[in-house]
> 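I'd like to ask you about the structure that follows.
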Amino acid sequence: MSKASWSSRGRWGELARIRILGVGIDPVTMADALTRIEGLLEGGPPGQVITANPEMVMLAGQNESFAQVFREAALVVPDGYGLIWASRVLGCPLPERVAGIDLLENLAALAASRGYRLFLLGAREGVAAGAAANLQARHPGLIICGAHHGYFSPDEERQVLDRIREARPHILAVALGAPRQELWLAGHQAELGVPVGIGVGGSFDVLAGKVQRAPRWMQARGLEWLYRLLREPWRYRRMLFIPRFAAAVLREKYTGRREHS
Ligand code: UDP
């Protein structure tokens with residue numbers, strides 16, 4: 001029997017989370033995710049939004065601090081087609097993929113229409129600023145209250161935190177790669193007093209035009225990983241998690257046992 005189940009009512013959400021290899025994912029559409037985030041922006045408690053993928057789910061199974069960040073997140077959206085596949089295999093289908101980069105684009109539109117301030121932290125020098133400029137060109141009126149690269153040393157961190165606090169963003173998008181960005185937000189979001197923190201992985205590189213996103217037909221078929229592998233073959237080691245994830249999901253389905261490696 002499958003161990004996938006509808007977990008009990010989440011701490012923040014109206015809908016119960018779906019558990020994939022023990023990690024709760026919110027069964028939300030893009031529209032639901034935006035509504036939930038709007039709730040946080042309009043006076044809800046500060047919360048983190050996690051754009052989860054299979055690699056992160058595997059990691060949470062091995063790293064208790066990361067698992068805790070998942071549990072405490074205000075919203076965990078299924079970024080990554082692998083999670084949609086897994087949810088179907090396990091019999092609790094997630095409604096649709098909510099890609100982090102699309103969510104960020106939609107948040108920029110929301111911020112532009114409501115006057116919310118956005119801060120971009122992460123990626124190489126100049127990339128966050130480039131992403132900011134492109135977002136502002138697409139969303140007139142968007143206030144980007146700051147952009148900072150993600151290669152600061154521990155000694156420089158205090159300065160980065162001060163800059164974010166002084167800019168008083170409503171939304172802080174952090175692109176430091178997973179799990180660092182989620183752990184960083186969990187450690188600093190409350191002291192920064194930012195209503196919404198969201199880890200967005202490599203999104204700034206794409207938004208700044210440094211990296212190309214997979215063509216739509218590949219995205220629709222869950223082949224973004226293949227596109228990335230072809231463009232960045234040195235990443236193949238990291239991609240070994242894909243067969244391991246698939247095997248773990250099938251093992252959970254057919255034996256009810258959960259193992260992550
Ligand atoms: N990054 C960063 N600081 C670091 C390491 C990574 O700002 O110390 C940035 C990197 O430049 C990229 C983003 O984090 O823009 C995500 O990196 P990657 O593509 O490896 O992340 P993924 O989303 O695949 O985990």
Side-chain angles (χ1 to χ4, degrees), residues 12-13 26 28-52 73-79 95-150 160-176 181-182 184-185 188-190 192-214 216 219:
W12 311 95
D26 285 296
V28 288
T29 61
M30 175 64 80
D32 298 332
L34 287 164
T35 305
R36 294 267 294 267
I37 294 172
E38 247 188 296
L40 296 173
L41 288 164
E42 282 168 12
Q48 179 173 169
V49 179
I50 297 183
T51 58
L75 181 65
V76 181
V77 302
D79 182 356
E96 69 183 20
R97 182 177 173 215
V98 181
I101 187 165
D102 296 330
L103 184 56
L104 183 56
E105 188 81 46
N106 288 330
L107 281 179
L110 177 74
S113 69
R114 303 280 165 82
Y116 294 126
R117 290 183 298 277
L118 179 61
F119 194 110
L120 306 185
L121 172 68
R124 300 227 163 252
E125 182 80 55
V127 173
N134 287 340
L135 282 174
Q136 282 176 316
R138 282 197 291 274
H139 306 286
L142 173 64
I143 303 166
I144 301 217
C145 60
H148 195 286
H149 67 81
V160 173
L161 289 166
D162 287 345
R163 245 178 91 175
I164 298 169
R165 204 187 1 256
E166 281 157 23
R168 294 186 303 115
H170 296 95
I171 304 166
L172 172 59
V174 183
L176 300 174
Q181 60 202 10
E182 288 78 18
W184 194 91
L185 272 169
H188 298 293
Q189 193 180 342
L192 290 172
V194 176
V196 172
I198 177 169
V200 293
S203 297
F204 297 171
D205 298 292
V206 176
L207 292 172
K210 301 277 176 209
V211 171
Q212 279 229 311
R213 205 174 167 193
R216 279 197 181 280
Q219 289 177 38

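Values reported hereafter were calculated over all heavy atoms of this structure, with side chains retained and with hydrogens, waters and symmetry mates removed.
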> Considering the options Arg97, Arg213, Arg216, which one meets the salt bridge (Lys or Arg N to Asp or Glu O under 4.0 Å) requirement together with Asp102?
Arg213
> Looking only at non-hydrogen atoms, find the nearest pair between Val76 and Ala73 and report the distance.
CG2-CB, 3.9 Å
> Taking the side chain from Thr51 and the backbone from Gly199, do they hold a donor-acceptor pair closer than 3.5 Å?
yes
> Exactly one of Ile198, Val194, Leu185 should register a side-chain contact (heavy atoms from CB on, under 4.5 Å) with Val174. Which one does?
Leu185
> Quick one: closest heavy-atom pair of Leu121 and Phe204, and the distance?
O-CE1, 3.4 Å
> Could you check if a side-chain atom of Val98 sits within less than 4.5 angstrom of a side-chain atom of Thr29, using non-hydrogen atoms only?
no
> Kindly give the heavy-atom pair with the smallest separation between Leu120 and Ala128, and that separation in Å.
CD1-O, 3.5 Å
> For Val77, does its backbone N or O pair with a side-chain atom of Asp26 as donor and acceptor, under 3.5 Å?
no
> Under a 3.5 Å distance rule, please check whether Glu96 uses its side chain to pair with a backbone N or O of Met30 as donor and acceptor.
yes
> Closest heavy-atom contact between Gly209 and Asn134?
N-ND2, 4.5 Å
> Where do Gly47 and Ala74 come nearest, in terms of heavy atoms and distance?
CA-CB, 3.8 Å
> Verify whether one side chain among Thr35 and Asp32 offers a donor that lies under 3.5 Å from an acceptor in the other.
no
> Is the backbone of Val211 close enough, under 3.5 Å, to the side chain of Asp205 for a donor and an acceptor to pair up by distance?
no
> Quick one: does Leu103's side chain get under 4.5 Å of Ile37's, heavy atoms only?
yes
> If we ignore hydrogens and angles and just use 3.5 Å, is the side chain of His149 paired with the main-chain N or O of Arg124 as donor and acceptor?
no
> Measure from the side-chain N and O atoms of Gln136 to the backbone N and O of Leu142, and report whether any donor-acceptor pair falls under 3.5 Å.
yes
